[in-house]
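Input: a single structure, listed below in structure tokens.
Every value quoted in this text rests on a predicted model; they were computed, and no experiment measured them. We count ligands from 1, going down the list as the structure has it; atoms in each ligand are counted the same way. By convention here, the first residue in the shown sequence is residue 1.
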Amino acid sequence: MAQDDWQQLAGNHERQVLQLSPNVGASDRYAREQLGPEELAWMSSLQHSRAFNEQVWLCHGTPDSDVQVLLQSAERNATTDEVEQRLKGHRSELLLCGHSHVARSVRSASGGLIVNPGSVGQPAYEDDFPYPHVVASGSPDARYAIVERTPQGWIAQLLSVPYALQQMVELARQANRPEWVQALSSGYIKPRT
Ligand SMILES: [Fe+2]
């Protein structure tokens, strides 16, 4: 697949960086300062949810939200009922999602496979929704998934590999963000007290 054919999605932070409302967080403000017109135009062109083909759907959070987490409920795994409720009737053989940064593969009630490959960078974070909690993947590694359609249906391999994270850790240090230094280098984050 040529690079121009890569399927790319926006996440909630792309939207937040573009909107840049007054209550936007420090990280979104920092990101916006680093970006030029070309990057912002590219970000504006992305959708958070779209079909890849007839069998596969791609979304950042859920098919209709870029901030709702599909497979997690705060710090625990979402139940089957919670997942079904968030799918709102959406049916795909394979649904690829993100947002939680937690790698997980789940069968929906209709038999479809839902895969969150995890994230590259930000392996742990603190979130205030629906109540203050911490999500920690437990290692600084980069995570991705390989999915394959077999005669028995879709299968997923969830992988985690080390990557050159020192530059990211150093950037966080220079930006005076000790919580990101810790998260990026360990995969854990200390809750605010
Ligand atoms: Fe997100």
Is the closest side-chain heavy-atom distance between Glu75 and Tyr131 below 4.5 Å? yes
I'd like to check Arg50 versus Gln7 (side-chain heavy atoms, cut-off strictly below 4.5 Å). Are they in contact?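 SC-SC contact between Arg50 and Gln7 confirmed.
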Does the side chain of Thr79 pick up a donor-acceptor pair with the side chain of Asp81 at under 3.5 Å?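 No, no side-chain donor-acceptor pair sits under 3.5 Å.
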Have a look at His99 and say which of its N, O or S atoms is nearest the Fe ion (ligand 1).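 Looking at His99, the N, O or S atom with the least distance to the Fe ion (ligand 1) is ND1.
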Tell me whether His13 has at least one N, O or S atom under 2.8 Å from the Fe ion (ligand 1).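 No.
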Determine, for Arg177 against Glu179, whether the closest basic-nitrogen to carboxylate-oxygen distance falls under 4.0 angstrom.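 Result for this pair is yes, salt bridge flagged.
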Can you tell me, to 10 degrees, how wide the angle at the Fe ion (ligand 1) is between NE2 on His60 and OD1 on Asn12? 90°
